[in-house]
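Written out below as structure tokens is the structure these notes cover.
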Amino acid sequence: MANLQSFEYSDSVKKSELISKRSLEDQAADLLREAIINGELPPGMRLVEMTLAKEYGLSRGTIRIVLHQLGAEGLVTQVPYAGWSVVEMNDQDLWELYTLRATLEGLAARLAAEKITEEGVSELQSAYQELLELCEGDDLHAITRGDLALHKTIIALSNHKRLAQQYRMVENQFLSYIAAANRTFDPHLVGRSHEALVAAICAGEGKRAEKEAIKNITGFEELQGMKAKPLLA
């Protein structure tokens with residue numbers, strides 16, 4: 001059984017103050033999801049319903065719904081007789097995410113290149129430029145989200161609804177993978193590492209775009225050494 005850690009919530013930020021008029025479940029899910037992805041709630045950390053309910057000013061029933069939602073997204077797991085905890089990634093998890101990303105993003109890049117229009121070129125270059133600008137700063141979390149935003153733009157440009165649907169189902173797990181990958185080298189170089197991919201799509205070169213998309217993904221072997229560290233930090 002994974003070593004479950006306890007988490008002491010800071011009194012400096014009252015989560016209940018961040019809940020507004022949207023669906024309580026949706027808002028609480030967004031806040032917890034962000035806390036997991038940015039490393040505030042690291043892998044293996046125990047999540048106690050009663051504690052979360054108190055911090056967010058919600059009922060335990062609402063928190064339970066949120067945890068089940070995040071469980072379906074692959075961000076938390078329910079441990080028998082121990083409750084919920086933030087998911088930890090092993091070698092099999094990394095391999096599955098790598099091969100799934102390579103398949104979905106490779107196909108999306110090829111389709112996007114084959115169907116690219118002037119409007120699509122503008123949209124893709126805009127997302128790429130935003131990532132480059134983020135890479136001039138030191139906010140790794142912002143860079144990681146900009147990285148995912150660029151890939152989601154390519155997914156959208158593929159004009160393949162079912163592919164996009166499958167991608168959304170594991171989007172937050174991919175974000176975890178990207179966060180880990182971006183920690184393996186200088187984050188300021190993340191943007192430029194996508195240059196060949198963007199160029200291939202804009203040029204309408206499907207096969208090259210697919211190759212560059214797969215090449216752009218950090219191999220799971222390179223991330224195996226990161227397992228001992230919080231992948232989402």
Side-chain angles (χ1 to χ4, degrees), residues 30 33 37 69-70 72-75 89 91-135 140-185 187-223 231-232:
D30 287 346
R33 186 183 297 111
I37 290 172
Q69 179 180 333
L70 297 182
E73 296 176 12
L75 295 180
M89 292 195 184
D91 289 349
Q92 180 68 18
D93 294 319
L94 293 175
W95 177 80
E96 288 180 5
L97 287 175
Y98 169 75
T99 53
L100 187 57
R101 277 196 71 195
T103 299
L104 295 179
E105 293 184 6
L107 175 59
R110 177 167 62 81
L111 293 176
E114 293 173 351
K115 302 176 181 180
I116 199 67
T117 63
E118 290 185 7
E119 182 180 352
V121 168
S122 178
E123 185 178 349
L124 181 58
Q125 290 181 336
S126 176
Y128 178 51
Q129 186 59 41
E130 288 182 16
L131 176 58
L132 291 177
E133 292 174 1
L134 288 171
C135 290
L140 182 57
H141 297 147
I143 292 173
T144 296
R145 288 198 171 278
D147 191 341
L148 179 64
L150 177 61
H151 287 286
K152 288 174 65 176
T153 298
I154 296 172
I155 295 293
L157 291 175
S158 72
N159 196 30
H160 193 306
K161 293 181 180 179
R162 287 176 173 78
L163 188 157
Q165 182 180 41
Q166 294 302 311
Y167 197 88
R168 283 194 297 271
M169 290 175 63
V170 289
E171 177 181 315
N172 289 307
Q173 294 181 63
F174 284 167
L175 186 59
S176 302
Y177 192 101
I178 292 171
N182 287 350
R183 290 180 59 209
T184 64
F185 56 95
H188 299 96
L189 302 178
V190 169
R192 291 298 177 188
S193 71
H194 294 76
E195 184 175 6
L197 169 60
V198 172
I201 295 175
C202 291
E205 299 179 14
K207 290 184 178 181
R208 183 162 74 93
E210 182 173 21
K211 180 179 179 180
E212 291 296 340
I214 296 173
K215 179 181 177 181
N216 181 259
I217 302 171
T218 302
F220 82 98
E221 296 94 344
E222 299 175 58
L223 295 182
L231 288 181
L232 313 183

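For the atom pair CZ (Arg168) and CG (Leu163), the distance works out to 10.0 Å, reported to the nearest 0.5 Å. Atom CD of Glu123 and atom CD1 of Ile116 lie 8.5 Å apart (nearest 0.5 Å). Residue Glu96 holds its CD atom at 10.5 Å from CE of Met89, rounded to the nearest 0.5 Å. We find the CG-CD1 distance between Leu157 and Ile201 to be 7.5 Å, quoted to the nearest 0.5 Å. Interatomic distance, NE2 of His188 versus CG of Leu134, reported as 11.0 Å (0.5 Å rounding). Separating the CZ atom in Arg145 from the CG atom in Leu150 is a distance of 15.0 Å, to the nearest 0.5 Å.
Cys135 and Val190 get closest at one heavy-atom pair: SG-CB, 3.9 Å. The two atoms that bring Ala200 and Ala113 nearest to each other are O-CB, 4.2 Å, heavy atoms only. Contact between Ala108 and Ser158 at its shortest, heavy atoms only, is O-CB, 3.6 Å. In this structure, Ala203 and Arg208 approach most closely via the heavy-atom pair CB-NH2, 4.4 Å. Leu148 approaches Glu171 most closely through the heavy-atom pair CD2-CG, 3.9 Å. Nearest heavy atoms, Arg33 versus Leu75: CG-CD1, 3.6 Å.
When side chains are defined from C-beta on, Phe174 counts as touching Leu100, because their heavy atoms get closer than 4.5 Å. Using a 4.5 Å cut-off on side-chain heavy atoms (C-beta onward), Arg192 and Tyr128 make contact. A heavy-atom distance below 4.5 Å is not found between the side chains of Gln129 and Gln125. Looking at heavy atoms from C-beta onward, Glu105 lies out of side-chain contact with Ile214 at the 4.5 angstrom threshold. Contact annotation: the side chain of Leu111 approaches that of Glu114 to within less than 4.5 Å [non-hydrogen atoms, C-beta and beyond]. At least one side-chain heavy atom of Leu124 sits less than 4.5 Å from a side-chain heavy atom of Cys202.
Without hydrogens or angle criteria, Asn172 side chain to Gly74 main chain gives no donor-acceptor distance under 3.5 Å. Here the side chain of Thr103 pairs a donor or acceptor atom with the backbone of Thr99 at under 3.5 angstrom.
Applying the side chain to side chain donor-acceptor pair (under 3.5 Å) criterion to Glu210, with sequence neighbours excluded, gives Arg110.
Within a 6.0 Å sphere centred on NZ of Lys152, heavy atoms belonging to other residues, nucleotides or ligands number 12 at most. Within a 6.0 Å sphere centred on CD of Gln92, other residues, nucleotides and ligands contribute more than 12 heavy atoms.
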